[in-house]
There are 2 protein chains.
Amino acid sequence: MSEKPDRKAARATADLVAREANVSRVAVSRAFNPNASLKPEKRDRILKVARELNYTPDMAARALVTRRSHLVGMIVPDVCSPWESQEIDALTTALQAEGFATLLFKAKADFSMDPMLLTYMRGFNPDSVIAFTENIEPAVLSSFLDRAVPIYVIYDDADAFSGKASETLYDRLLVRQKDGIEQAVALLQGYGVRRIAYLGGKKQSLANTERERMIAQVLADRGMAPPVTVPGDYTYDTAYRSTLDLFRVGSGADAIFAANDVGAFGAIDALRHELGLSVPDDVKVVGFDDIPQAHWKSYNLTTVRIDLDDRVRALVRLILRRLKTPDADPLVETLTTRLVVRGTVG
Amino acid sequence: MSEKPDRKAARATADLVAREANVSRVAVSRAFNPNASLKPEKRDRILKVARELNYTPDMAARALVTRRSHLVGMIVPDVCSPWESQEIDALTTALQAEGFATLLFKAKADFSMDPMLLTYMRGFNPDSVIAFTENIEPAVLSSFLDRAVPIYVIYDDADAFSGKASETLYDRLLVRQKDGIEQAVALLQGYGVRRIAYLGGKKQSLANTERERMIAQVLADRGMAPPVTVPGDYTYDTAYRSTLDLFRVGSGADAIFAANDVGAFGAIDALRHELGLSVPDDVKVVGFDDIPQAHWKSYNLTTVRIDLDDRVRALVRLILRRLKTPDADPLVETLTTRLVVRGTVG
DNA sequence: CTTAACAATGAACACGCTTTCATTTTTGTC
DNA sequence: GACAAAAATGAAAGCGTGTTCATTGTTAAG
């Protein structure tokens, strides 16, 4: 870590570059704006001088006049969650390549957003906002919408949504969770499973609600017993305790469908290391997400995969399109899910 | 996700608020600047009008004149790494509370930084830069230092550094890694371990180099055989493969000291699930970091803990102090490490 | 060679805010 | 109630850039 003793350090401005290169300040601006017309040799000379002077256009000044901050705000409840950190990583990489920087904010643990935080965030004028927090308040939404900032709330849309883009005002990312869930349930049924427990995620999470609803629906379609619902919050520790509670009561469940992979890990460890049960012999376990840890040998988790690359690509496509053509018609991107079979079911 | 159909959406400015509240624009500015002198009732009235108009000061405009962007740049090679994501999360939370927003950038996988990226980043004028990338290039450093931006390169300083602040130009975070390493080696020796393998991290990582050097030193001090060094890169998969290689060759190692917890997980899984060895009966394993996953029952890892809270607190203290008093003398914050005993040694 | 069309150029303005600085109002003291 | 000191106020200047718009320099067509 370090710091410059000399505080005088004047940063180079476009004016200085212009003077040094014997051109007008406007020419310097044009040199850094690829689609502006400027004689090539002149541009080269300016860029050379700029490099020597260690000059970079000031984004703040630029944002002030262009009304584009080149910032994309991300609101995240828990950066440590493997699934979210993957998304942050991938989105940041993709947006960075397009010239946008990630502005990171922490939401409150209960997935809600501090109104103060949002007000503060608005001050930075992000060109777009991506919220990993699902229960975003309408007031907050409209406060951004007043400034015509496209907001992307990341959660997995219900299949119930028909897919007719014209029916909605917004861009949407539609994740067909049912596809993977059907494959998972079919596999479990094939192994003779009779009673499935659903180990939930955060109550406020829409993705969680949808998953629960859809699992119930698929079970009903196949003539199976409705799921036993076990409380969870996407964390290992809660999943661990809930699993203990479930089996000490003796619910008769012979399979656990977890709302996310981390929860599945907690369930597996409770079963194996505290209840003395075997996975998959006594109890089968299926997760959701397919995070990198799912293939770790200690878990080797069978799970419903949401392809991160596809997901991020679709999201970036939506965002960039909206930024470039703000008045374009709302678009719906659809993703599917599929079961990845590993060792916790067979 | 959503977008406002109406693009006109004029954002409220200080001028508008001033007109609406029958005051001068200067008064509005003062209302939002706590230490400016303004009659309390007047301030209240202004803030009320501002709230009604949904007004927030524009940070870009503010930054332009105050020369403070209230942005802290973070350069991260891998957001998904549990240890790094923890740090990002904690730092963002702490800085957010102090009114700073996190500007996130991805470094290249080899821990180096793309010069273009840095140039781009400089354009945002971060008030400070925190680099999780350890082999930061001097040219890059000085390009920021020219603007008197304090840079914090996060790695664990050698104990070799005497702690005399006057001898360095920079603020430093000194992590006494040796403390925990000594405890770990003592424990291993107590269990009769004779030959320790060091499962390394990324070659470019200074923390890794330091850890290796210090383990060798502690072993020598205790009259033990020098460590067998096994190549690694902080990832699970590499650790897994390296461990297989090590034991198939038959190195005679009866303990593995991993450069980080994730690497330790890979080693444990290779030993248990592929080599048919027992941890801790056949081979003892010690990790480094104490990430949350370390207490998961499948691993239950004995590891050298670097207290994240202490670490972040110290870092935030350094950063804020430097931002408030840029000319203050360089300061050194010292942290210790300690062994957390769980199930992979006893 | 002339004229029209076009590319290149720079002066001036705007973006939204903070900060002097000189002025006015309020407060405190005898 | 008079004076000095302190607090409150607003006009104007400026932060570093992009963008008209009118002007100049250059090329293409006739």
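Convention: sequence-line order gives letters A, B, ...; per-chain numbering from 1.
Taking the six-membered ring for Trp, A:Phe124 and B:Phe124 have ring centres at least 6.0 Å apart. Checked against a 6.0 Å centroid threshold, the rings of B:Phe105 and B:Phe132 do not count as neighbours.
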Q) In B/S/- notation, 5' to 3', how is nucleotides 14-21 of chain C contacted by protein heavy atoms closer than 4.0 Å? A) -BBBBBB-
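Legend: side chain to side chain donor-acceptor pair (under 3.5 Å) pairs involving residues 21-31 of chain B, not counting sequence neighbours: none detected.
No side-chain N or O of B:Ser85 forms a donor-acceptor pair with one of A:Ser85 less than 3.5 Å apart. Between the side chains of A:Asp127 and A:Ser69, at least one donor N or O sits under 3.5 Å from an acceptor N or O. Counting only N and O atoms by type, the side chains of A:Asn54 and B:Arg122 include a donor and acceptor under 3.5 Å apart.
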Q | Test side-chain contact (heavy atoms from CB on, under 4.5 Å) applied to B:Phe32 and B:Leu47, step by step | A | CA-CA 8 Å; B:Phe32 280 89; B:Leu47 290 180; 3.8 Å; yes
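Put simply, CZ on A:Arg68 is 11 Å from P on D:dT19, counting in whole angstrom units. Between the C1' atom of D:dT17 and the CD1 atom of A:Ile46 lies a distance of 15 Å, rounded to the nearest Å. B:Glu41 has its CD atom 13 Å from the C1' atom of C:dT25, to the nearest Å. Rounding to whole angstrom units, CZ of residue A:Arg43 and P of C:dA7 are separated by 15 Å.
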Between the protein and nucleotides 4-8 of chain D, which nitrogen or oxygen pairs are less than 3.5 angstrom apart?
{"from": "D:dA8", "atom 1": "OP2", "to": "B:Ser37", "atom 2": "OG", "distance (Å)": "3.4"}

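Legend: residues meeting salt bridge (Lys or Arg N to Asp or Glu O under 4.0 Å) with A:Arg67, ordered by chain and number and at least two apart, are absent. B:Asp310 pairs by the salt bridge (Lys or Arg N to Asp or Glu O under 4.0 Å) definition with B:Arg313, not counting sequence neighbours.
End-to-end axis angle for the helix from C:dC1-D:dG30 to C:dC30-D:dG1, using five pairs per end and rounding to 10°, comes out at 20°.
B:Leu95 is listed as a side-chain neighbour of B:Met74, based on a closest heavy-atom distance under 4.5 Å.
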